[in-house]
Structure formats: structure tokens, C-alpha cells
Amino acid sequence: MRIDKGLAMLELKIQGFGLNPTLIWDDDIAVLVDTGMPGQLEQIRLAMNEVGVPFDKLKAVILTHQDLDHIGSLPEILNQSHNHIEVYAHILDKPYIEGTLPLIKTDPNRMSHEQWASLPEPMQFLYRNPPKAKVNKILEGGDELSYCGGIQIIFTPGHTPGHISLYLKQTKTLIAGDAMVVANGVLRQPIPQTTLDLKTAISSLQKFIELDFEKVICYHGGLCHIKEKKQIEDLLN
């Protein structure tokens, strides 16, 4: 879905669920924010082509956090690309993405026998063998990348220790990752069952109040147009 000049939301599907990575581009470069589940490279490539951006234009990937459905296709992207792709992530989630530490939410050692037994075999395999790739560019809150008119990095921990959100200056767009979700066209708090520290995650939303944005892309739920900040202020209460 093309949203603005140089901005599109890639609508990926897996087992009936929707995931929404964001694609940003200009005349020289394309930047992908999050990479879907393992095995979704061809969906990503097709979605990029549909908005007129060839896969070979991709030169940077920004990961909002370490979760499997956000980092899943990163190794395939790096293997298939003819470019050197810069991979950005927050320093606190870097060791999980690189495989130095097991992904927090899919670590078999953190699960009960009943939880593990309830997983289908393909998911058990993924949890034992999660995707991993080198992060060669470290981000922290307050950083700004020069790509495509300027990308401001907002540190929004809670969902994971190193969760980040992005503010696109040129299109006044907030990419929230999993800091919020959209349900029936309305912004909601992060999902409690998948959020490590819900209190911190909700407190992180305060950082959005000061930004001048008109639309929000949530990884789960997609696009939400914002007319007033009251939607977010209500989530803080």
C-alpha cells in the first residue's frame, strides 16, 4: 500500500495474520523497516515491485526489535541482495538478533513443558533455530539517520528491552513497530501477552506526544490517520 511519496506499507500474510513492514525510498536508496517471518522474502520482493521499488534498490534494513516476526526474513534478504545492506537495531536488542543470546520470547528454556508441547513442530524448529544476522549499525534513542528526508529514532522500551520507533520527518509519519497496535482503525496499547514490561511500554508512548505526525503505521493492524494527539494521551491513562 503506497501511503505517500517514497513511503509504502508492505502488507504480508502468514497463516491468516497480517504483518506490516514499512518501505521508505528516494531516487538513490530504499530502506526496509522490519522483515516479516522466516520465508517471506518473496512476499517482500513482490510487494516492493508492486509499489515500483526493485529489490536491488534496498540498501538498509532497520529492525524495531528482536521478535521473530520482525527479524525473520533478514538472513534471506542479506543472502539474496547484490548490495551491501546496512542493518540497524538498538544496542540492547543487538545480541538477540545476532544470536549471541536466544530471542527472549521464543527461548525454549523459558517455556514450560506444556507451552512447548502446544507448539506445532515447524514452530518448535524455528524456536530452536531462530534466524540471526549481523547488526553492523547500532542505534540509541535520539539518533537521526539521513535517509529519505530524515529518520528520527525514538527509544520505546517495554515490548522488548531495545524496542525503537521511527519518526519520518518528510511525511510526518510515525512507525510504531509493536509499541502500539491498530484495531478497527483505532490505536490501542501494546498487546499485554507479548509485551515483556507493559508498564514501561505504556510509559514509552509519552515520547510520541511531542512529535508532529499525521499518520501511524503499526506492525500489527497497519495504518491509522491521526487528527489529534488525544488518541495517544488516552492510551497513557
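Under the 3.5 Å distance criterion, the side-chain polar atoms of S73 are left unmatched by any main-chain donor or acceptor of G36. Between the side chain of S112 and the backbone N or O of Q115, at least one donor-acceptor pair lies under 3.5 Å. A distance-only check finds no donor-acceptor pair linking the side chain of D107 to the backbone of L103 [under 3.5 Å]. Judged by distance alone, the side chain of E98 and the main-chain N or O of P95 form no donor-acceptor pair under 3.5 Å. Between the side chain of E11 and the main chain of L19, no donor-acceptor pair closer than 3.5 Å is present. For the pair Y88 (side chain) and V33 (backbone), a donor-acceptor distance under 3.5 Å is absent. Using a distance-only test at 3.5 Å, with no hydrogens or angles considered, no donor-acceptor pair links the side chain of S81 to the main chain of I77. With hydrogens and angles disregarded, no donor-acceptor distance shorter than 3.5 Å links the side chain of Q66 to the backbone of K94. Formation of a donor-acceptor pair under 3.5 Å by the Q43 side chain with backbone atoms of Q40 is not found in this model. No side-chain donor-acceptor contact under 3.5 Å links S203 to the backbone of K199.
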- L139 vs I91, side-chain contact (heavy atoms from CB on, under 4.5 Å): CA-CA, chis, key distance, verdict: CA-CA 6 Å; L139 296 173; I91 190 170; over 6 Å; no

- Query: After noting the C-alpha distance and the side-chain angles of R2 and E50, does the key distance pass the salt bridge (Lys or Arg N to Asp or Glu O under 4.0 Å) rule?
  - Reply: CA-CA 9 Å; R2 188 184 286 262; E50 287 177 348; over 6 Å; no

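Among all heavy-atom pairs drawn from G222 and N20, the shortest one is N-ND2, 3.4 Å. Taking all atoms of both residues into account, the shortest heavy-atom contact from D178 to Y219 is OD1-CB, 3.4 Å. Residues F208 and A179 share a closest heavy-atom pair of CZ-CB, 4.1 Å. Contact between I104 and R110 at its shortest, heavy atoms only, is O-CD, 3.1 Å. Residues L205 and I232 come closest through the heavy atom pair O-CG2, 3.9 Å. Shown here for L32 and P21, the closest heavy-atom pair between the two residues is CD1-CB, 4.1 Å.
In this structure, OH in Y96 is found 5.0 Å from CG in L101, a value given to the nearest 0.5 Å.
Within the 4.5 Å cutoff, the side chain of E42 has no heavy atoms near those of the L46 side chain. By the 4.5 Å heavy-atom criterion applied to side chains, L23 and L7 are not counted as neighbours. Under the 4.5 Å side-chain criterion, counting only non-hydrogen atoms from C-beta, I29 is in contact with C148. A heavy-atom distance below 4.5 Å is found between the side chains of L68 and P131. No side-chain heavy atom of F155 sits under 4.5 Å from any side-chain heavy atom of E140.
Each of Q206, H163, K207 was evaluated against T156; a single residue qualifies, H163, per the side-chain hydrogen bond (donor to acceptor under 3.5 Å, both in side chains) test.
The aromatic rings of H220 and H70 sit perpendicular, their planes meeting at an angle over 60°, well past the 30° parallel limit.
Donor-acceptor pairing under 3.5 Å is lacking for the side chains of D34 and H65. Inspection of the E86 and N136 side chains reveals an N or O donor paired with an N or O acceptor under 3.5 Å. Side-chain contact annotation: H159 with D197, donor-acceptor N/O pair under 3.5 Å absent.
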Between side-chain atoms of residues 53-60 and protein atoms elsewhere (two or more places apart, or another chain), which donor-acceptor pairs fall under 3.5 Å?
unit_1 : atom_1 : unit_2 : atom_2 : d
K57    : NZ     : D26    : O      : 2.5
K59    : NZ     : D28    : O      : 3.4

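No path of Ile, Leu, Val, Met, Phe, Trp and Tyr side chains, each step under 4.5 Å between heavy atoms, connects I3 with V181, placing them in separate hydrophobic clusters.
Other residues, nucleotides and ligands place no more than 12 heavy atoms under 6.0 Å from the NZ atom of K132. Within a 6.0 Å sphere centred on NE2 of H84, heavy atoms belonging to other residues, nucleotides or ligands number more than 12.
Using a 4.0 Å cut-off between charged nitrogen and carboxylate oxygen, D4 and K215 count as a salt-bridge pair.
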